[in-house]
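In this chain, residues are counted from 1 in sequence order. Order of listing sets the numbers, starting from 1, for every ligand and every atom in it.
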Amino acid sequence: MNKIHIVSNRLPLSINREDDDFTFTPSVGGLATGMRSIYKDFGGKWIGWSGIPSDDLTTSELKTIDARLVNENCKAVHLDSEEINLYYEGFSNNVIWPLFHYFAQYIEYNVDYWEAYKKVNQRFADAVLEVANEGDTIWVHDYQLLLVPQMIREKNPDVTIGFFLHIPFPSFEVFRILPWRKELIQGLLGADLLGFHTYDYERHFLSSVRRLLGYEVTFNEIHMEDRIILCDAFPMGIDYAKFKDKANELFRKSLPEKSELHRELEKYFLMGSDRKLILSIDRLDYTKGIPSRIRAFEHFLEHYPEFRNRVTLIMLVVPSRAEVEQYKLLKSEIDELVGRINGRFGGVNYTPIWYFYRSLPFDSLIELYSLSDVALVTPVRDGMNLVAKEYIASRINQTGVMVLSEMAGVSKEMGEAIMINPNNEPEIADAIYQALTMPLEEQKDRMTVLQQRIGRYDVFKWASEFVKSLQKVQSIQQNFLAKKITPSVRKDIVDRVLSAKKRAIFLDYDGTLVGFKNDPQAASPDEELHKLLTALESDPKNMVTVISGRDRETLERWLGNHKVNLITEHGVWLRRLGEDWQMIDNLNSNWKPSIRPLLESYVDRTPGTFIEEKNYSLVWHYRKAEPEQGEQRANELKDELHDMISNYNLEIMEGNKVIEVKAGGINKGIAAMRFLNNHQVDCILAIGDDWTDEYMFRELPETAITVKVGLKNTAATYKVESVNSVRLLLKSLTE
Ligand code: GDG
């Protein structure tokens with residue numbers, strides 16, 4: 001069976017030195033739990049850093065660790081202190097982390113960080129390549145390893161790669177700030193599937209792909225030259241049952257069995273029947289909105305004095321990155337704020353904020369969750385925020401209220417929470433009031449819905465949905481490969497064509513024989529194409545027809561000297577070899593004055609677009625427009641055109657970055673078949689790249705060899721990647 005390997009910055013265990021030996025303790029974090037079933041069931045390895053700088057270890061200790069890790073299905077990437085400093089603290093935490101959380105002012109632009117990031121990402125990719133075989137799947141995690149997917153693909157294209165980003169992906173306007181923005185996107189595009197917590201992050205990523213690299217994006221698919229990449233939202237869940245079961249267990253305990261914390265909390269409630277607890281838990285980080293939250297609590301005590309002496313905020317702040325200046329400042333700001341408020345509102349029997357700057361054991365966490373009336377989750381940016389989900393899971397009696405920042409990914413799944421803007425302190429204060437005064441029935445209604453939702457999509461579901469999508473993308477790629485013209489398929493095609501006595505060869509022009517240019521008039525045939533056509537024409541068995549949406553003047557100017565038939569304007573005009581132009585059907589263009597003003601209004605409103613007029617059609621080109629605006633306007637235009645054309649016999653055609661309005665009842669398929677009526681052939685070859693060529697692929701007899709240029713779904717029998725591959729195929733017919 002093919003394996004699934006997991007790659008993350010840290011291995012799912014912590015290694016501690018004890019006397020002369022090491023102890024290995026499995027991590028209990030969300031990711032480790034979710035992944036454990038996946039990589040064990042699929043027999044893969046987990047690749048990551050061990051957590052100990054390699055320069056703190058002797059060679060023999062490194063070997064001991066490596067050997068022990070084999071039993072844990074893990075493989076370590078050993079990093080020394082300098083690498084950790086530059087790649088992890090530097091580029092990951094002082095460049096990507098602030099940028100992706102919209103704190104551009106904290107970015108440290110440092111080329112050494114970037115160089116180390118590339119180097120270490122390569123080390124991770126190399127470690128993966130040592131264990132992954134052809135057909136295996138690799139799931140890479142998070143912002144420390146953005147370049148790894150492409151680095152793996154470069155050396156082993158025969159694996160399936162998934163990537164999941166645990167933090168937000170920022171809007172293009174923010175992402176573009178980074179000097180290494182293209183490299184990061186290219187790194188990610190080595191994956192086959194890219195997962196984000198929310199649809200918004202996915203949308204931001206796709207917009208950066210389009211704008212920075214110009215790849216075509218349809219819905220959630222990115223069309224690369226040789227592959228399709230899927231993007232999707234997979235909101236990460238928690239091990240719901242673990243939290244719920246632990247909360248149940250702790251509450252069944254008798255008083256003497258209860259922990260000290262549990263007893264202290266219960267004592268607090270005994271001090272008065274109207275005592276309430278509000279809880280917040282985060283890592284010390286500027287993204288978590290801790291100072292604003294404290295000020296909002298102060299605002300609450302100021303404006304709702306009836307709650308003084310009876311509402312306490314328990315604030316658990318877990319130390320993190322304590323040696324970084326930014327975090328030191330944040331820590332002193334928090335200390336100062338807590339001191340101020342406790343000094344201002346506190347008394348002998350009342351401390352407004354209980355502040356813990358440390359981490360607590362899992363059981364204590366559950367006790368806090370299940371005994372607090374309100375959870376205050378107010379990050380200014382947060383990829384997801386699992387604390388919010390853990391609070392919901394631990395509420396065994398379905399009471400409790402969640403006050404939640406709309407900037408946390410988790411807000412998308414928690415419509416029943418009281419939503420706040422984390423920068424609006426009075427609004428948070430009002431939300432606290434609303435939460436504390438919410439009737440029990442309403443609390444239970446909201447909590448029940450939340451529990452059902454968060455319970456259903458737990459971390460195991462999250463992991464299995466991602467793996468399912470990876471399998472889906474595998475079959476998409478296989479479908480593509482099945483139609484792809486490999487060297488041996490090319491040889492079969494060439495044999496079939498050459499063994500025929502009379503061959504009809506239909507060739508689309510733009511996107512098939514020549515690449516796209518911003519200015520359509522700049523796509524004239526180059527020397528190589530002229531030679532290729534001349535070689536094809538020189539074989540009397542070949543009957544070549546260039547079949548295009550172009551106007552007849554242009555094609556005649558460019559190809560008039562070749563011994564080819566020309567079909568133009570998608571089948572309006574035909575010029576048989578040695579004859580004059582004839583119209584395939586009687587058409588008129590008296591509709592143009594009615595349609596043209598609409599197209600002109602789109603040109604005026606969309607910079608970079610223009611109208612091309614053909615004999616029997618009008619075309620709106622938007623290739624040069626700003627990509628997202630172009631797509632958006634194209635959709636609007638189609639909509640408006642649909643209403644207008646009902647009075648005329650017209651059709652709307654969507655080509656490659658063009659919308660064309662043309663006479664109805666005529667298309668490349670009808671034109672090709674009319675042309676064939678007058679000729680006896682025993683082999684048909686048709687090649688084209690866009691939507692309009694699909695008519696031809698569908699109309700031609702089943703025995704025809706039809707070839708699509710590009711990766712999209714097609715009625716054609718075969719696909720090739722590019723104009724170059726078309727030329728290669730045609731060249732083989734002349735050799
Ligand atoms: C990143 C993204 C995204 C906290 N204090 C203690 C403790 N914790 C546990 C919580 C929770 C976890 O730490 C924190 O998870 P978050 O999701 O809130 O935040 P990040 O660490 O910033 O994680 C985030 C996440 O990745 C997953 O994709 O949601 O947006 O930033 O599980 O319970 N655990 C214990 N003691 C503590 O004192 N035992």
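- For atom 33 (O) of ligand 1, the nearest protein heavy atom lies closer than 4.0 Å.
- Within ligand 1, the atoms closer than 4.0 Å to a non-hydrogen atom of Gly383 are 30 (O), numbered from 1 in the order shown.
- Neither the backbone nor the side chain of Val410 has a heavy atom within less than 4.0 Å of ligand 1.
- Ring pair Phe164/Phe234 is perpendicular by interplanar angle, where above 60° counts as perpendicular and below 30° as parallel.
- For Tyr199, the OH atom is loosely surrounded, since the number of other residues' heavy atoms within 6.0 Å does not exceed 12.
- Numbered from 1 in the order shown, with element, the atoms of ligand 1 that lie under 4.0 Å from a heavy atom of Glu390 read 10 (C), 11 (C), 32 (O), 33 (O).
- A centroid separation of less than 6.0 Å is found between the aromatic rings of Tyr106 and Phe103.
- By the criterion of a heavy-atom distance under 4.0 Å, the side chain of Met236, and not its backbone, is placed next to ligand 1.
- Looking only at protein heavy atoms, the nearest one to atom 26 (O) of ligand 1 is His166 CB, 3.8 Å.
- Taking atom 4 (C) of ligand 1 as the reference point, the nearest protein heavy-atom neighbour is Ile281 CG2, 3.8 Å.
- Judged by the shortest distance from any of its heavy atoms, Phe356 lies outside the 4.0 Å radius around the atoms of ligand 1.
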*List the steps, then state whether ring-ring contact (aromatic ring centres under 6.0 Å, His included) holds for Phe91 with Trp180.*
CA-CA 11 Å; Phe91 199 78; Trp180 309 282; 5.5 Å; yes
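- Listed by number with element, the atoms of ligand 1 under 4.0 angstrom from any heavy atom of Leu386 are 16 (P), 17 (O), 18 (O), 27 (C), 29 (O).
- Near Leu316, meaning under 4.0 Å from any of its heavy atoms, are these atoms of ligand 1: 38 (O).
- Here the shortest heavy-atom distance to atom 37 (C) of ligand 1, taken over Leu360, Ile366, Thr287, belongs to Leu360.
- Atoms CD and CG, on Glu427 and Asn424 in that order, are 4.5 Å from each other to the nearest 0.5 Å.
- Every atom of ligand 1 is numbered from 1 in the order shown, and the set under 4.0 Å from a heavy atom of Ser359 is 37 (C), 38 (O).
- Although no hydrogens or angles enter the test, the distance criterion places a donor-acceptor pair under 3.5 Å between the side chain of Thr448 and the main chain of Lys444.
- Distance screen at 4.0 Å: atom 12 (C) of ligand 1 has no protein heavy-atom neighbour inside the cut-off.
- Using modelled atom types, no side-chain atom of Asp285 and backbone atom of Lys288 make a donor-acceptor pair closer than 3.5 Å.
- Here the heavy atom of the protein found nearest to atom 5 (N) of ligand 1 is Val318 CG2, 3.1 Å.
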*Worked verdict on Tyr268 versus Trp354 for ring-ring contact (aromatic ring centres under 6.0 Å, His included)*: CA-CA 12 Å; Tyr268 168 82; Trp354 289 347; 5.3 Å; yes
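- Nearest-residue assignment for atom 19 (O) of ligand 1 (options Met384, Arg283, Lys288; heavy-atom criterion): Lys288.
- Neither the backbone nor the side chain of Ile238 comes within 4.0 Å of ligand 1, counting heavy atoms alone.
- Interface of Asp382 with ligand 1, defined as ligand atoms under 4.0 Å from a residue heavy atom, comprises 24 (C), 30 (O), 31 (O).
- Contact check on Arg263 versus Glu266 returns no salt bridge, with no Lys/Arg side-chain nitrogen under 4.0 Å from an Asp/Glu carboxylate oxygen.
- Below 4.0 Å from some heavy atom of Trp97 lie the following atoms of ligand 1, by number and element: 31 (O).
- Ring centers of Tyr143 and Trp97: under 6.0 Å apart, within the cut-off.
- If you look at Tyr391 next to ligand 1, there are no close heavy atoms at all, none under 4.0 Å.
- Rounding to the nearest 0.5 angstrom, the gap separating the NZ atom in Lys328 from the CD atom in Glu323 is 8.0 Å.
- At the shortest separation from atom 14 (C) of ligand 1 among protein heavy atoms lies Val387 CG2, 4.4 Å.
- Within the listing of ligand 1, atoms 6 (C), 7 (C), 33 (O), 34 (N), 35 (C), 37 (C) sit less than 4.0 angstrom from a heavy atom of Leu365.
- Using cut-offs of 30° and 60° on the angle between ring planes, the pair Tyr201 and His197 is perpendicular.
- Ring planes of Phe205 and Phe169: perpendicular class, angle over 60° (limits at 30 and 60°).
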